[in-house]
Structures are given as structure tokens and as C-alpha cells.
Amino acid sequence: MMLIQNLIRKKRDNQQLTSAEIQWFIQELCDNGVEPAQTGAFLMASWINGLSEREKIDLTNSMMNSGTVLKWDLNGPIVDKHSTGGVGDTVSLILAPLLASLDCFVPMISGKGLGHTGGTLDKLSSIPGYEVEQSETSFQKIVSEVGCAIVGQTSDLVPADKILYSTRDVTSTVDSVDLITASIISKKLASGIKNLILDVKVGRGALMTNIRQAKKLAKSLVSVSNASNCKTKALITSMDDPLSSSIGNSLEVETVVEILLGKNKNDQALLDTTIALSIELYSMVFSEKSHMEIKQKIYSLLDSGHVAERFEKMVSALGGPKHFLSTYKEVLPRAESVVPIKAKKEGFITQINTKALGNILIKMGGGRQKASDKIDLSVGFTKVVKSGKKVNTKTSLLFLHGADKFFTPSLEEEISSCFSISDREPKRSKDLILQKVS
Ligand code: URA
């Protein structure tokens with residue numbers, strides 16, 4: 001007979017658990033047969049001793065099977081993207097309608113903000129009427145009719161992750177590559193996708209701050225996902241500067257709409273990252289097409305407004321305004337005031353403390369300090385300068401959007417100190433796409 005304490009002892013003593021033991025543990029966990037202290041002990045033993053490749057695959061698949069696994073009957077490839085999170089990262093909002101315009105189906109299940117990183121669901125919630133919570137039936141219907149839908153996780157998708165994640169949060173066991181792998185991949189597999197591109201972010205605004213850690217995570221995610229019948233590749237991409245010139249929920253949505261409408265030509269980093277991820281994902285399905293051919297097709301779909309239209313269709317199908325592309329300026333929530341924050345001296349921006357900017361947004365109410373917090377969707381920053389730019393005391397580092405009560409000298413000081421300015425011009429900025437893991 002299996003006993004939870006024996007499984008914990010095995011893992012504590014650095015022995016491998018069998019597939020049957022892992023399956024049983026996850027089943028017991030979801031049937032309330034595991035005490036919270038035992039869950040914590042199991043996680044800590046796994047954090048300390050790590051999981052073998054086989055154990056990771058077993059844990060991922062057992063977690064996937066702990067709830068509903070979506071099945072799709074669609075006339076085209078089913079694809080998705082997952083990002084490990086960053087600041088000003090609105091890739092999903094462009095990539096989903098773009099891949100749908102390329103005749104793929106994109107059932108994207110996204111999350112809320114985590115730590116200093118923003119969440120796609122919070123951004124979309126700033127669109128009046130957009131309903132991120134959908135039943136399985138309506139999610140299936142919208143994906144089959146529109147080609148893409150970005151929604152939140154339903155309660156019956158991977159219930160094991162909900163229990164494990166909340167225990168990890170309070171037992172210092174979040175930062176384990178093995179546990180992160182099982183958590184992310186089990187949810188992606190449960191959404192029934194067959195092709196996945198991972199955007200593993202590295203840098204000052206990312207959860208992984210060095211390339212070694214990012215590579216380890218990317219390799220782990222790619223190998224477990226491929227072993228579980230989902231074709232997967234990863235790009236390791238830079239998150240030193242905020243990816244978009246806007247940070248904050250409704251402000252990021254506005255920027256995306258303007259990029260899609262061709263009105264914003266300044267957000268090249270966001271567009272380049274989105275296109276690189278889209279090309280990798282598309283070529284996983286249509287390997288006979290060259291990257292150049294795919295890139296040309298993508299630009300023609302963007303330039304002709306097809307991607308913008310698909311985005312508008314998705315917004316409307318999910319309960320948002322029918323004509324969002326022409327009404328976004330009126331309907332998106334707006335902050336009381338907008339003020340520029342000027343550079344304190346002349347020189348070159350050598351570095352941006354992107355994580356600190358993300359944390360200031362949270363303090364202004366644009367993100368959560370506690371899971372139950374209601375967020376202010378209108379606050380944030382626009383026209384954030386890029387590193388390498390030459391500035392003087394008349395140049396705005398960014399425009400701050402918020403209620404008047406926020407505009408204090410100490411906040412201005414805090415924002416200014418996120419930008420390092422030096423007389424010496426910095427060396428060429430780092431590439432956006434750092435490595436591919438396949
Ligand atoms: N995101 C997840 O979904 N799970 C983790 O463990 C970390 C990030």
C-alpha cells in the first residue's frame with residue numbers, strides 16, 4: 001500500500017519516484033488526501049533534490065490529467081505561445097490574431113500579473129465588456145469561429161496546479177526549474193494545443209536575470225513538452241528594457257491597437273519579438289516555408305489591416321465593443337492626469353531598472369500586492385525612453401498617467417532613479433533574440 005509519508009521520504013532521500021507513485025500522489029492531492037504540511041514537504045524535497053526527466057514528465061502529465069483536457073476538432077493547426085513574463089510584454093495581443101490570420105487556431109489561456117510582471121488577462125480586462133472567464137463551450141465556439149481567443153483558466157483545468165502553486169507560494173518553492181516546468185507545461189497541454197512556442201525572457205525586467213538560468217528553464221520546458229506530444233521550441237529573448245513604450249494595462253492595449261493600425265512606428269522591439277516568435281511557431285507547422293517567405297506574409301497581413309480586424313473580431317466575440325478599432329480611445333479607462341517626468345541631466349541612458357518600473361506600477365495600483373486586490377486599469381507610463389537614447393533636461397523619460405494624488409516629488413525621484421544616465425555612449429544594445437532552443 002502506498003503512503004504519502006513514504007513518498008516524501010523517498011524524495012527526501014533523493015530516490016526516484018515511480019510513475020505510479022507520482023500519479024497516485026496527484027490524485028490524492030486533488031481528493032484532499034494530502035495534508036498541507038505533506039504537500040509542503042513533498043515540494044521542498046523536490047526543490048532540494050530536483051526531479052529526473054522521467055519524473056518531470058510524469059508529474060506534468062499527472063497534473064494535466066487532474067482536470068479537463070480540452071479536445072479540438074478544427075480544420076487547421078492548433079498553436080499557442082507562452083511567455084515567462086516581463087514588463088510591457090503585449091506579444092500575445094498581436095501574436096494570437098496574427099497566427100489566426102495565417103489560418104492557425106490559437107486557443108490561448110493566459111494569466112494575471114505575477115510579481116512585477118504584467119498579466120495578459122489584466123490588460124484585456126481594461127477593454128469594457130471583454131469577459132476573460134468563458135465556459136469551455138463558448139471558448140471552443142469563439143476559437144472555431146474567429147480563429148483565436150485569449151481567456152483565463154477555468155476552474156476545472158489542472159486543479160492540481162492550483163493546490164501546488166499556492167503551497168509553493170508560501171513555502172519558498174516557486175523558483176525550481178522542475179516545478180515551474182510541470183506547472184507551465186501541464187496547463188498548456190490541458191488546453192489541447194499541439195504546437196507551442198515559448199518566449200523565455202531574460203534580463204533586468206524578467207524572472208530569469210541571467211542567460212544560464214534562462215537556458216536551463218528553456219531546455220527543461222522544451223524537452224518535457226516535446227516528450228508529451230506537443231511540438232515545442234523556445235526563443236530566449238531580451239527583457240532588459242520594457243518591451244513596449246507603454247507600461248500599464250489600458251495603456252498597453254492602446255499601444256497594441258495603434259501598432260495594428262499602423263499609427264505607431266516606434267515600438268519596433270515589441271513588433272520584432274512578436275514576429276520572430278510567430279515565424280518560429282508557424283514554421284513548426286509549415287516546415288516547407290522559408291522564414292523569409294513567412295516574414296513577408298506576416299508583414300502583408302499586418303500592413304493590410306487583416307490582423308487588426310481579427311483582433312477586433314476577437315474582442316467583440318469575447319464581449320468587448322463591436323468597433324473597438326475606431327472607439328478604443330473613448331472606451332479604454334483613462335487616468336485623471338498625465339505628466340511628463342524629465343531627465344535630471346544630460347547624457348545617454350545606459351540602463352533602465354525595468355523591474356523597479358514594474359514595481360512602481362504595482363504601488364500605483366496598476367498591479368496587485370495581494371491576490372484579492374482590485375487593480376486600477378488606467379494607470380501607468382507611456383513613451384518610455386529606450387536605453388542608448390541621448391537625453392537632456394528637456395527630454396521626458398516617460399509620461400506618468402495617474403490620479404493627481406500620485407504626483408509627489410518622491411514618486412518622481414523614484415521614477416527618475418530607474419534610468420541611469422552617463423556621459424559615455426553605451427556600447428551597441430544587446431540583440432532582442434538571444435538564443436533558440438529546439
Ligand atoms: N508560471 C506558472 O504558471 N507556473 C510557475 O511555476 C511559474 C510561472
Side-chain angles (χ1 to χ4, degrees), residues 22 26 29 39-40 42-48 50-51 55-64 66-70 80-87 89 91-92 107-123 132 150-191 193 196-203 205-209 213-225 228 230 232 234 236-237 239 355 358 362 367-368 371:
I22 291 175
I26 293 296
L29 183 78
T39 311
F42 172 85
L43 290 167
M44 187 56 82
S46 304
W47 191 97
I48 292 170
L51 301 174
E55 284 179 307
K56 262 193 291 187
I57 296 168
D58 285 336
L59 180 62
T60 305
N61 284 275
S62 303
M63 285 169 69
M64 166 187 82
S66 68
T68 308
V69 179
L70 299 181
D80 197 4
K81 183 227 54 150
H82 178 82
S83 157
T84 54
V87 175
D89 176 4
V91 167
S92 296
M108 193 179 273
I109 296 179
S110 291
K112 295 181 179 173
L114 186 70
H116 68 280
T117 67
T120 299
L121 286 192
D122 298 328
K123 296 170 199 190
V132 295
I150 308 179
V151 300
Q153 197 182 335
T154 61
S155 58
D156 28 315
L157 217 77
V158 196
D161 185 60
K162 292 201 183 76
I163 307 172
L164 292 176
Y165 199 90
S166 57
T167 311
R168 284 167 62 206
D169 210 17
V170 293
T171 54
S172 254
T173 50
V174 170
D175 54 345
S176 146
V177 163
D178 300 340
L179 298 176
I180 293 174
T181 300
S183 169
I184 292 177
I185 301 300
S186 61
K187 285 179 283 196
K188 286 289 147 191
L189 296 175
S191 70
I193 52 149
L196 174 65
I197 185 75
L198 296 159
D199 183 6
V200 177
K201 302 225 163 271
V202 62
L207 297 174
M208 300 283 155
T209 49
Q213 283 176 326
K215 219 166 145 179
K216 187 171 169 208
L217 178 60
K219 282 187 171 167
S220 173
L221 293 164
V222 166
S223 78
V224 168
S225 190
S228 310
C230 179
T232 304
I236 300 179
T237 70
M239 180 40 74
K355 180 174 180 180
I362 295 176
R368 295 177 190 80

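Here the structure is a predicted model, which means the values were calculated and not measured. Counting starts at 1 for both ligands and their atoms, in listed order. Side chains included, hydrogens not; waters and symmetry mates left out as well; all remaining heavy atoms used. Along the sequence shown, the residues carry numbers beginning at 1.
With respect to atom 8 (C) of ligand 1, the closest heavy atom belonging to the protein is L114 CD2, 4.0 Å. Remark: minimum distance from atom 1 (N) of ligand 1 to any protein heavy atom is reached at I184 CG1, 3.9 Å.
Remark: ligand 1 and D161 share no N or O pair separated by less than 3.5 Å (distance only, no angle test).
Distances from atom 2 (C) of ligand 1 to the heavy atoms of S183, A182, S186, S176 show the closest one on S183. Closest to atom 3 (O) of ligand 1 by heavy atom, among Q153, K188, K187, R168, is K187.
Between the side chain of S191 and the backbone N or O of K188 there is at least one donor-acceptor pair closer than 3.5 Å. With hydrogens and angles disregarded, a donor-acceptor distance shorter than 3.5 Å links the side chain of D122 to the backbone of G113.
Listed by chain and residue number, nothing satisfies the salt bridge (charged side-chain N to carboxylate O under 4.0 Å, His left out) test with K355 (two or more places apart in sequence, or in another chain).
Heavy-atom minimum distance, I362 versus H116: CD1-CA, 3.8 Å. The heavy-atom pair separating S183 from M63 by the smallest distance is CA-CE, 4.0 Å.
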